[in-house]
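Notes for the one structure printed next.
Both backbone and side-chain heavy atoms feed into the values below; hydrogens, waters and symmetry mates do not. So you know, we letter chains A, B, ... as the sequences are listed, proteins then strands, and number each from 1.
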Protein chains: 2
Amino acid sequence: MPDKLPPAVETVDTSYLEGLVGYNASRAAITVIELFLQRMAVYGMRQVDFSVMSLVTHNPGITSRQLCAALSIQPPNLVAMINALEQRELIVRKPHPRDGRAVGLHLTPTGQKLMHDAERTAQELELDATRRLTAAERKTLIRLLQKVYL
Amino acid sequence: MPDKLPPAVETVDTSYLEGLVGYNASRAAITVIELFLQRMAVYGMRQVDFSVMSLVTHNPGITSRQLCAALSIQPPNLVAMINALEQRELIVRKPHPRDGRAVGLHLTPTGQKLMHDAERTAQELELDATRRLTAAERKTLIRLLQKVYL
DNA sequence: TATTGTTATACTCTATAACTATA
DNA sequence: TATAGTTATAGAGTATAACAATA
């Protein structure tokens, strides 16, 4: 008679984790971000670069501090990103009209062209990432996610 | 007459980003994970440790490879986590019944007690993190998130 | 030959302390 | 004294290559 051996797991049961909002939100975010990274590679932007560029697009003159607050980025970590975007001539720093300490960020014409294309790509990507959702479901999903973090 | 100065941004307009599923899923995930980290601190576990422990709980004998596949962790990065959990005497490695290369992971009695409490804490935390959602909305949110990543 | 678990290592991301110029 | 921007640096997280043991 053989010794009793520990059981082997055939298929992994993840049902407990799948009942948690945090687990599901993380998995969904990772899936969308991976697709985002693939499609944005042609623009040389990661998710965070796109977020920064998008906020500069819709808020010309925004300061580094405002970007940090809006995106939960630590100021020292934003410096290299801004430098890189400036070296690529996508954004320019201009003096702030009322605060000599601050610098306003603006898109260059090149940056405007790039973001025009990138935001269109982002819209297409959104529809692909949520292709199993109806338009109404997609709207509901965003509304419920905002109820969690706002 | 003064020179024309660039405009200053009063309040940051984030409406474009708020229309993207990826942005919202990321923000929601970060919010829940931060609360998770606070509440799980008493158990000395981060989100990933809890996920590993939970899968071992519901899949006794699960292997490292199965954990890596289920949680999208690279095998080298799991080693230190498993070692730490074993040193805390929360899990034990037992020989796999049919594969001499593999090792099955199991909870110790201490690990079982800890996870009994930790999973109860996770349930409470879930309700707190989604306190602005009705039970039906919470269920809908999970269903829609799974439609994105599954 | 392929797979499990592992070591070593590099790379990225994120966080903290401290400085300067200006408010 | 407080804030915007910056530098340097440390720590955490993640990824790749290569190895021994076993299939």
### Closest-nucleotide 5' rank along DNA chain D - winner of A/Ala102 and A/Asn83
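First, find each residue's nearest nucleotide; the 5'-ward one identifies A/Ala102.
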
Rounded distance (Å) that lies between atom [atom2] of [N] and atom [atom1] of [X]:
{"X": "B/Met81", "N": "C/dT6", "atom1": "CE", "atom2": "P", "value": "13 Å"}
{"X": "B/Leu78", "N": "D/dT14", "atom1": "CG", "atom2": "P", "value": "12 Å"}
{"X": "A/Ile33", "N": "C/dT12", "atom1": "CD1", "atom2": "P", "value": "18 Å"}
{"X": "A/Glu34", "N": "D/dT14", "atom1": "CD", "atom2": "C1'", "value": "13 Å"}
{"X": "B/Ile62", "N": "C/dT4", "atom1": "CD1", "atom2": "C1'", "value": "14 Å"}
{"X": "B/His96", "N": "D/dA23", "atom1": "NE2", "atom2": "P", "value": "11 Å"}
{"X": "A/Leu67", "N": "D/dA4", "atom1": "CG", "atom2": "C1'", "value": "13 Å"}
{"X": "A/Asp99", "N": "D/dT3", "atom1": "CG", "atom2": "C1'", "value": "8 Å"}

### Query
Which part of the nucleic acid, if any, lies within contact of A/Val103, taking any heavy atom under 4.0 Å across all strands shown: a base, the sugar-phosphate backbone alone, or nothing?
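Answer is sugar-phosphate: A/Val103 comes under 4.0 Å of backbone atoms only.
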
### Message
Check for me, please, whether B/Ile82 and B/Val48 land in the same ILVMFWY cluster - side-chain distances under 4.5 Å, paths through other members count.
### Response
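In one cluster: yes.
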
### Task
Decide whether A/Asn83 and A/Arg88 meet the rule of one side-chain donor and one side-chain acceptor closer than 3.5 Å.
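A/Arg88 and A/Asn83 do not have a side-chain donor-acceptor pair below 3.5 Å.
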
### Query
So, B/Tyr23 and A/Ser51: side-chain donor and acceptor under 3.5 Å apart, yes or no?
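On atom types as modelled, these side chains do not qualify, holding no pair under 3.5 Å.
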
### Query
side-chain contact (heavy atoms from CB on, under 4.5 Å) between B/Asp128 and B/Arg39: does it pass, once the steps are laid out?
CA-CA 11 Å; B/Asp128 289 343; B/Arg39 301 282 183 91; 2.8 Å; yes

### Base C/dT4 paired with B/Arg65 side chain (donor-acceptor, <3.5 Å)
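Not at all, since no donor on one side and acceptor on the other fall under 3.5 Å apart.
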
### Message
I'd like to know if A/Asn77 reaches the base of C/dA15 with its side chain, counting only an N/O donor and acceptor under 3.5 Å.
### Response
yes

### Task
Start with the C-alpha gap between A/Arg138 and B/Val21, add the side-chain angles, then the distance that decides, and say whether side-chain contact (heavy atoms from CB on, under 4.5 Å) holds.
CA-CA 8 Å; A/Arg138 193 174 161 286; B/Val21 170; 4.0 Å; yes

### Residue whose closest nucleotide on DNA chain C lies nearer the 5' end, A/Arg46 versus B/Gly104
B/Gly104

### Message
Both A/Arg101 and B/Gln66 contact DNA chain C. Which one's nearest nucleotide lies toward the 5' end?
### Response
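Its nearest nucleotide being more 5', the pick is B/Gln66.
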
### Residue B/Gln74, side-chain heavy atoms: nucleotide from C/dT7, C/dT16, D/dA15 that is nearest
D/dA15

### Query
Would you say D/dA4 has OP1 or OP2 under 4.0 Å from some side-chain N or O of A/Arg98?
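So the side-chain polar atoms of A/Arg98 never come under 4.0 Å of the phosphate oxygens OP1 or OP2 of D/dA4.
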
